[in-house]
Number of protein chains: 2
Amino acid sequence: MASDQTRTSILAAAERLYADRGFGDVTLRDIVAEANVNLAAVNYHFGSKDELIAELFVTRSIATNRERLHELKTAEEQGGGRAPIDVILRALVGPTLRGCLGPQNQRSTAARFMIRASIESVPPIRRIKNREIDHLRKFIGAMRRSLPDRSDVEIYWGLNFALAMAHHTIRESERLTKLSEGKCDLDDVEDVVARVVSVATMALTAGKIEAKTPARALARDAR
Amino acid sequence: MASDQTRTSILAAAERLYADRGFGDVTLRDIVAEANVNLAAVNYHFGSKDELIAELFVTRSIATNRERLHELKTAEEQGGGRAPIDVILRALVGPTLRGCLGPQNQRSTAARFMIRASIESVPPIRRIKNREIDHLRKFIGAMRRSLPDRSDVEIYWGLNFALAMAHHTIRESERLTKLSEGKCDLDDVEDVVARVVSVATMALTAGKIEAKTPARALARDAR
DNA sequence: TTGCATTTCAAACAGTTGTATGAAACTATC
DNA sequence: GATAGTTTCATACAACTGTTTGAAATGCAA
């Protein structure tokens, strides 16, 4: 049980490389080169490549979920058991968007790794991923409490669309920048968060008594 | 220039396998087995694996774009140069959703292949993909004509979110079904199309007459 | 048929991948 | 400082990848 230094630097190097280049074209040899350790170290410390990926994913998954749930719980406590829907949605998509967009130097390797995992879905991860469903159910619960007269189906679709907009915007941020010739500023993360939350809120409250916060972000460009 | 039969069955087999299992784990040997041809036939007829993928993608890309643009053009002609925004959005996301969701037996291999291509983004495809931008610009143009007092930025974001919801729903259709315990019926394709179009339309038309509260304010308030 | 080009085929090739091995280097305990 | 246990290392291995080869089969014009 000695220094753990090798183990740790393998994990860090692997996460960085996977976040940057995806699972598809990162080999064990790339990882050990980045970590400055011997090739055999991976199998010695983790058993196999798949187990390394799995450990990486499980660790990050737990951390991410805890972060999101903390934000959610805080909001619900402040609201006496019910949080406004836009605050719930912000807790859901905010951390990921903030970790993956914005200026290069303050992007989070962890968030980018998790997005890769959610996109590429390599076998070792797919097996674990089902737990994420239980996690999403907690958000479903909060959304139900926030919008008690919305049907379940509407809630599910709202959550689906919120995640859709967040993830897709991250994945295709380059293309959106190019398409809009820079007019869409993906570096203004809070603006992006506000847009996603606003649209998702509209999707969830449409045809109801007008909500209070939504649509404010959109007004920004309306001039 | 003989029968082309080998060539054709390679293309068909490759498209089917890629659509089903993704580019990541389909080898040339898988393809030639599925197509009942010799291994060397791929390199003989296409030069390389990458060129096979590229040909597949270019062909489908042209066909898909033509289909979408035809729907768009028809709508604009009927409206005297301006089509309603929801009709435009429907032309954008309808064909893909219809081809990828719904009952198994009537799903389109072509549509599923294109979704794979849009997800995995393997090198030979990434190189070609930039043309798609020009194609999207035509939709941007139609949207501008439909909503002349909307700013460009909002149009871009609206398009981005529409594609986001459509693609994400296709990719994660299984998970949404499981999460909602079957309450979200992904086989009712027209319902899905209507939902995506409806939310995207709201995103593009909401809050037209609004104040100019900067987006940052919303971010601060939400704590 | 003969001759020539196209197409198919089995086999081999060179490169890369994840993994295994066994010896060497280290670390800590006595 | 000798010993036992852990960790590192260079190297080898077996499996798989896309690609090439050269001979066999086929098609087709003369």
Side-chain angles (χ1 to χ4, degrees), chain A residues 1-58 113 116-117 120-128, chain B residues 1-58 113 116-117 120-128:
Chain A
M1 292 285 149
S3 77
D4 261 1
Q5 194 191 338
T6 303
R7 229 187 105 91
T8 307
S9 61
I10 288 175
L11 284 169
E15 183 171 46
R16 206 176 326 137
L17 288 178
Y18 285 143
D20 286 344
R21 314 192 335 223
F23 297 95
D25 51 283
V26 171
T27 78
L28 280 190
R29 284 166 177 82
D30 293 333
I31 294 173
V32 299
E34 179 86 0
N36 277 309
V37 301
N38 187 270
L39 173 59
V42 172
N43 291 274
Y44 177 78
H45 284 282
F46 299 93
S48 70
K49 185 191 190 184
D50 280 10
E51 289 174 85
L52 165 62
I53 294 179
E55 169 154 347
L56 223 34
F57 181 72
V58 169
F113 171 83
R116 283 284 185 193
E120 296 197 15
S121 192
V122 73
I125 287 182
R126 200 172 319 144
R127 285 183 222 113
I128 306 168
Chain B
M1 292 287 142
S3 78
D4 262 359
Q5 194 190 337
T6 303
R7 229 188 106 90
T8 307
S9 60
I10 287 175
L11 284 170
E15 183 172 45
R16 207 176 325 137
L17 288 178
Y18 285 142
D20 285 345
R21 315 193 334 225
F23 298 95
D25 50 283
V26 170
T27 78
L28 280 189
R29 285 168 176 83
D30 293 334
I31 295 174
V32 300
E34 180 85 0
N36 276 310
V37 301
N38 186 270
L39 173 59
V42 172
N43 290 275
Y44 177 78
H45 284 282
F46 298 93
S48 70
K49 185 193 190 183
D50 281 9
E51 289 174 85
L52 164 62
I53 294 179
E55 169 154 347
L56 223 34
F57 181 71
V58 169
F113 171 83
R116 283 285 185 192
E120 297 198 15
S121 193
V122 72
I125 287 182
R126 200 172 319 143
R127 284 183 224 115
I128 305 168

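Keep in mind the model is a prediction, meaning the values are calculated, not measured. Quick note on labels: first sequence line is chain A, next is B, and so on, each numbered from 1.
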Could you give the CG-to-P distance, from L39(B) to dC13(C), as a whole number of Å?
-> 15 Å
Short side-chain N/O contact from T27(B) to OP1 or OP2 of dC16(D), under 4.0 Å | no
Closest contact, heavy atoms only, R116(A) versus D20(A) = NH2-O, 2.9 Å
Nucleic acid contacts - residues 29-38 of chain A versus DNA chain C, non-hydrogen atoms under 4.0 Å = R29(A)
With sequence neighbours excluded, what pairs up with R29(B) under the side chain to side chain donor-acceptor pair (under 3.5 Å) test?
-> none
Name all residues meeting the salt bridge (charged side-chain N to carboxylate O under 4.0 Å, His left out) criterion together with D50(B); count only those two or more places apart in sequence or in a different chain, and write none if there are none.
-> none
Over all heavy atoms of both residues, which pair between S9(B) and A35(B) is shortest? Give the atoms and the distance, please.
-> O-CB, 3.5 Å
Looking at DNA chain C, which of residues 43-54 of chain B put a heavy atom within less than 4.0 Å of it?
-> Y44(B), H45(B)
For A40(A), which residues count as a side-chain contact (heavy atoms from CB on, under 4.5 Å) partner, sequence neighbours excluded?
-> N38(A)
Residue pairs, two or more places apart or on separate chains, that pass salt bridge (Lys or Arg N to Asp or Glu O under 4.0 Å) and touch residues 8-17 of chain B | E15(B)-R60(B), R16(B)-E34(B)
Can you sort out the partners of R126(A) under side-chain contact (heavy atoms from CB on, under 4.5 Å), two or more places apart, ordered by chain and number?
-> S121(A), P123(A)
Set of residues satisfying side-chain contact (heavy atoms from CB on, under 4.5 Å) with respect to A14(B), sequence neighbours excluded = Y18(B), I31(B), L52(B), L56(B)
dT7(D) phosphate, OP1 or OP2, under 4.0 Å from T6(A) side-chain N/O | no
Specify the closest pair of heavy atoms between A41(B) and T6(B), including all atoms of both residues, with the distance to one decimal.
-> CB-CG2, 4.0 Å
Length of the CD1-P vector between I10(B) and dG18(D), whole Å = 13 Å
Which parts of residues 11-26 of chain A get close to DNA chain D, meaning a heavy atom less than 4.0 angstrom away?
-> none
V32(B) and L39(B): which non-hydrogen atoms are nearest, and at how many Å?
-> CG1-CA, 3.8 Å
Distances under 3.5 Å only, N/O to N/O: pair up the protein atoms with those of nucleotides 23-26 of chain C.
none

Rounding to 0.5 Å, atoms CZ (F57(B)) and CZ (R127(B)) come to a distance of 12.5 Å
Q5(A) has an atom CD; how far is it from atom P of dT8(D), in whole Å?
-> 9 Å
Say you draw a straight line from CG of D25(A) to CG of D30(A); how long is it, rounded to the nearest 0.5 Å?
-> 8.0 Å
Side chain of A40(A) (C-beta onward), nearest among dT7(D), dT19(C), dA20(C) | dA20(C)
For E55(B), what residues pass the side-chain contact (heavy atoms from CB on, under 4.5 Å) criterion, not counting sequence neighbours?
-> R7(B), L11(B), F46(B), T59(B)
